[in-house]
Amino acid sequence: MAPEGANNSVNAGDSANVENLTDGFHLLIDALKLNGIETIYNVPGIPITDLGRYAQASGLRVLSFRHEQHAGYAASVAGFLTKKPGVCMTVSAPGFLNGLTALANATTNCWPMILISGSSEREIVDLMQGDYEEMDQLAIAKPLCKAAYRVLHAEDIGIAVARAVRSAVSGRPGGVYLDIPGALLGQVMDAVEGEKSLVKVIDPAPRQVPSQDAIARAIDVMKGAKKPLIIMGKGAAYDQSDDAIREFVEKSGYPYLPMSMAKGLLPDGHPQSAAAARSLVLKESDVVIMMGARLNWLLSHGKGKQWGEPHSKKFIQIDIDPKEMDSNVEIAAPLVGDVGSVVTALSEAMGNDWPKPPSDWTDAVSTKVKTNVERMSANLQNNASPMNYQGALGALRRVIDERPDAILVNEGANTLDFARSIINMHKPRKRVDVGTWGVMGIGMGSAIAAAVETGHPVLAVEGDSAFGFCGMEIETICRYKLPITVVIFNNNGIYRGDDENWSGGEDPATTTFVPDSRYDQMMEAFGGTGVHVTNPDELYRATAEAMDSGKPTLINAAIDPAAGKESGNIGSLNPQSVVAQARYGAMKKN
Ligand code: ADP
Ligand code: TPW
Ligand code: MG
């Protein structure tokens, strides 16, 4: 059903005219390039195999993955790191569904991403006649992303890509789905008309400047603060207004708490960092400025014991999405806008003689930070074998301290929770982790995107379970020769490796893996470097060497199977019952 002006078949006799024609393949590639897309994270197959080839031939970087989920995670992390939509390309139905997890995760994390999926013949899909990989993909994608579009006519590709780009990056960023029925790619049309149909998106993510009223209201609340606190989230890291943020934070003199992916916006060693006094500041503060961070489960919704006396605080919230205000608690001063515009306006309104916060508050915070940091550093210096988390992470912390430009990717349970507090970040957007959902399997896709988009060395610190969700992508890392060092914290299982089958039967426990697996040997299968280490000194040396070599390396770090805690820091989220406690309580290892 070719539309007017486009047609699917070119006769041999027409070949003389071919140079005056273009097609769906090329219009799509040209539209992406016109809008600044440089990289596609891809898994080939019908109907997009040639699209990948042509994209590569036309100068785009096309990285082919082993599974769409990881191509998708890579695209979403590219979006987070660059403020441009990361593009993932998949085949129909199963490939699309594999990519969809990443699209939903991108939307949840407020990262711009475009999932382009090939799809089957519309006429056959809509009559449900059983096409190859038949699925109504648009309908399925819609509830899981920010926007979803389908293009049927070659002359609409330009507009479709423009809509996808703008939807992904404007306002609160998120995932966008673009459905490309296979037939579209083969449609041909006049090349000049085709070029005219392309759209370059002007000002894709316009600045959103807060109103003067809103700024004045926030300043009033700040003036009343005796125990102020700033909480920075990954929305602030995403915004890339690093200097303006630093100026505001330093001018205020307020203690600040970075959420995990906001670490490094100001260096973790900054005198105002309250990261090591988290419990104290959450409980005692009286005015809290949320900066690109949501009051979701990660902050116990802004209420409960952790937050001290009920209604003891006033919240100021900076967010690009007005709907975020009052989502969990009352917001006394909503500041709707992009972080950069808002903090710039706040700094201006604070003038030149903004008073420092009361010193009894800042002293109490610094004292707590000092005590906790000292207590922690003693634990980090142990060279125990088998390693515990502190010893192993003490070694990796040194590696990052010495290489502040490196990007740290981190997932797992204990591996995540310990690393987040132990490894200091020194620069913005150097830490990528499991995000808002706490999803396992982001590691290899994130590491690949970080290496490709920034050119800096990447250290991926992975629980052995977390790694299992994405491990096959080490072949991708080796194939593209990326400067990625993967360190597996191998404790033989999920949370711990010493659980037993509570029936006494022969099957292993539900949370354990083959003990003492040698993940390093997997890396060697693909020509990468594999290393096995059993103590922190070895771990430090092997990791430092790998990071400096720039060569794909996997280090299998043997961790004491009894060192971890159930679910790391969030064990309390596991459902409990008195019945289960009575029956099985004694079996629990911790
Ligand atoms: P964290 O998990 O680090 O606490 P969240 O993902 O919960 O952070 O919150 C990020 C918030 O930042 C979201 O509410 C999102 O709307 C907001 N946001 C994203 N980009 C910007 C921006 N450029 N300016 C202001 N807010 C932003
Ligand atoms: C997609 C549930 C949370 S943490 C985790 C799982 C399976 C693994 C923890 O073990 P790991 O780390 O990585 O070995 P460690 O150091 O504690 O031993 N499926 C998805 N996401 C999540 N979060 C889970 C399952 C989970
Ligand atoms: Mg483990």
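As the structure lists them, so they are numbered: ligands from 1, and atoms in each ligand from 1. One-based numbering along the sequence shown.
- Counting the atoms of ligand 2 from 1 in the order shown, those under 4.0 Å from a heavy atom of G412 are 12 (O), 13 (O).
- Remark: distances from the non-hydrogen atoms of C110 to ligand 1 include one below 4.0 Å.
- Heavy-atom distances between Y389 and ligand 2 reach below 4.0 Å in at least one pair.
- At a heavy-atom distance under 4.0 Å, atoms from both the backbone and the side chain of K234 approach ligand 1.
- Taking 2.8 Å as the criterion, G463 does not count as a coordinating residue of the Mg ion (ligand 3), since none of its N, O or S atoms falls below it.
- Taking any N or O of D239, backbone or side chain, at least one lies under 3.5 Å from an N or O belonging to ligand 1.
- Within the set G235, G233, G435, S260, the minimum heavy-atom distance to atom 19 (C) of ligand 1 is found for G235.
- Proximity to T415 (heavy-atom distance under 4.0 Å) selects the following atoms of ligand 2: 12 (O), 15 (P), 16 (O).
- For a distance bound of 2.8 Å, the N, O or S atoms of N491 include one lying that close to the Mg ion (ligand 3).
- Distances between N or O atoms of V439 and those of ligand 2 include no value under 3.5 Å.
- Although no hydrogens or angles enter the test, the distance criterion places no donor-acceptor pair under 3.5 Å between the side chain of K565 and the main chain of G571.
- An N or O contact shorter than 3.5 Å links D319 to ligand 1 by distance.
- Around atom NZ of K283, no more than 12 heavy atoms belonging to other residues, nucleotides or ligands sit under 6.0 Å away.
- Close contacts between ligand 2 and A413 involve ligand atoms 4 (S), 9 (C), 12 (O), 15 (P), 17 (O) [criterion: under 4.0 Å to a heavy atom].
- Nearest N/O/S atom of D464 relative to the Mg ion (ligand 3): this is OD1.
- A donor-acceptor pair shorter than 3.5 Å can be found between the side chains of H532 and N556.
- The part of N491 lying near ligand 2 is the side chain, judged by heavy-atom distances below 4.0 Å.
- Contact annotation: for F489 versus ligand 2, there are no heavy atoms closer than 4.0 Å.
- In this structure, A205 falls outside the shell of residues with a heavy atom less than 4.0 angstrom from ligand 1.
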